[in-house]
Amino acid sequence: MTDQNPKTLIVVTGPTAVGKTSLSIELAQFFNAEILSADSRQFYKELNIGVARPDEEELSAVKHHFIAHLSVHDYYNVSKYEVEALDRLQHLFSTYNYAIMTGGSGMYIDAVCKGIADLPDADPQLREELNLQLKEEGIEFLRAQLKLLDPDYYQQVDLANPIRIIRALEVILETGKPYSYFRDNTYKKRPFHIIKLALQLERNILNERINLRVDEMFEKGLLSEAESLLPYQKLTALNTVGYKELFDYFNQKISFDQAKEDIKTHTRRYAKRQMTWYRKDPDIVWFNPSEKVKIIQYIEQQRRHEL
RNA sequence: GGCGUCGUAGCUCAGUAGGUAGAGCAGAGGACUGAAAAUCCUUGUGUCACUGGUUCGAUUCCAGUCGAUGCCA
C-alpha cells in the first residue's frame, strides 16, 4: 500500500498490569504524540486507584485524552467512544503524524480501528423493564420474545447470556426492526494507518504483577476510594473489579481478606479474557514489555513499508 | 504418654456395603456488535499418606508407621 498520508495510529494493548502505561509514554515521547486511553474504566473521574489510572507525573509527561473525562453517573458506550475518539484523532492529526491509543478494552479499540454497527443507544427505562422481566419471568421468557421478534438472531445468540438477549430486545423494541437488521460486520476504512501491537508476559509473571499491584492499590487507599463510592454501587461503571468485591465487604457478605483475594482472582480472570480477545486479532504483533528498541524499530519499519 | 478422629485433584471436601473415584472453588480453553474490568459457554487421572496382611482383586477391611487434630494425663 502506497499513499502519501503519513498519519499513523499506534495501538498499544495487552492484558491488565502488563506495562502498557509506561511503554505508551515512552513511545509518545519518542514519536511526538499524545495518548488516547482505550480503557473503559479509566474514563471515570471517580475511579482512580482501583483502575490504575496513570499518576500525576505520567499524566503531565504526555497529554492524555479520555482519562477521567466522565462521571460514573454518565451513560456511556462503545459507539460514543468511537465517534469521540475519531473526532479527537482527526484533530490531533492536524498537528501530529502519530497518535497513540493505549488500553485494555478490546471492544473499544476495535470500534475505533474497524468500526461498529450503527445501533440505537440503550433506553434506560426499557433496559430496566427487561431486567425486571428477567428477574421475575426468567430468561426463558426473554428468549421466547426474541425467537418471535428476530428468529435469525435467536439462532446465533448465546441463549444463556441474558445481557445479549436483553440488548437485542432493546434494539428491536426501540426501532421496530429486528436486531439482525442492524448487525454489520464490514470493516470501516479509517483515514489513517494503524499499527497494532500488544504486550505479553508469561502467565505466572503477569499473575505476580497483578498480585503486587493489588497490594499497592490497597497501600494507596483503595479501601477509602471504594467506600466513598458505596452509595453508587449499583451503577454499571461500578460493576468493576476492585470495587465490587469491596462493596461485598462493606455489605458484610465477605471478609476483608476474602475481598482482597477476590480482587486478585478476578483481575487474573480479566487478564485471561483480554488475552482471548487479542489472540484472535491477526493484526496484532506481540512483544515483551522490555523490548522497547525492538518495538520502535517495528513501528518505524511498518511506517516505511506503508508510505 | 493414653484414647479418639482425620489423611482422596492446587484448595475445601464427598464417595466407594471391596471391582482404581466426584463436587464446589482455583486453574485452563473459548465466545463477544452501545452493560465489555461487563456477561456467558466448555473443561476434573489424582502414587485415594506410607508399608505390610486378608482377598481373584484394596483407595475402601485389618495391622503397623508417619503426619494433622481433639480430649484425657
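Residue numbers begin at 1 in each chain, while the letters A, B, ... track the order of the sequences.
For the pair R41(A) and A36(B), the criterion of a side-chain N or O lying under 4.0 Å from OP1 or OP2 is met.
A donor N or O paired with an acceptor N or O is not found under 3.5 Å between the base of A35(B) and the side-chain atoms of R164(A).
Counting only N and O atoms by type, the side chains of Y76(A) and E84(A) include a donor and acceptor under 3.5 Å apart. No side-chain donor-acceptor contact under 3.5 Å links E208(A) and N204(A). Donor-acceptor pairing under 3.5 Å is recorded for the side chains of Y243(A) and E225(A).
When Watson-Crick and G-U wobble pairs are counted only if both distances are under 3.5 Å, A9(B) pairs with no nucleotide at all.
Taking the P atoms as reference points, U20(B) lies 32 Å from G4(B), given to the whole Å. A gap of 14 Å separates the P atoms of U16(B) and A21(B), to the nearest Å.
If you check every strand for non-hydrogen atoms under 4.0 Å, A122(A) touches sugar and phosphate atoms only. Residue contacts shown for R269(A) are limited to sugar-phosphate atoms, with no base heavy atom under 4.0 Å away.
When the nucleotides A38(B), A31(B), A28(B) are ranked by their closest atom to the side chain of T276(A), A31(B) comes out on top.
In this structure, the side chains of D150(A) and Y181(A) stay at 4.5 Å or more apart for every pair of heavy atoms.
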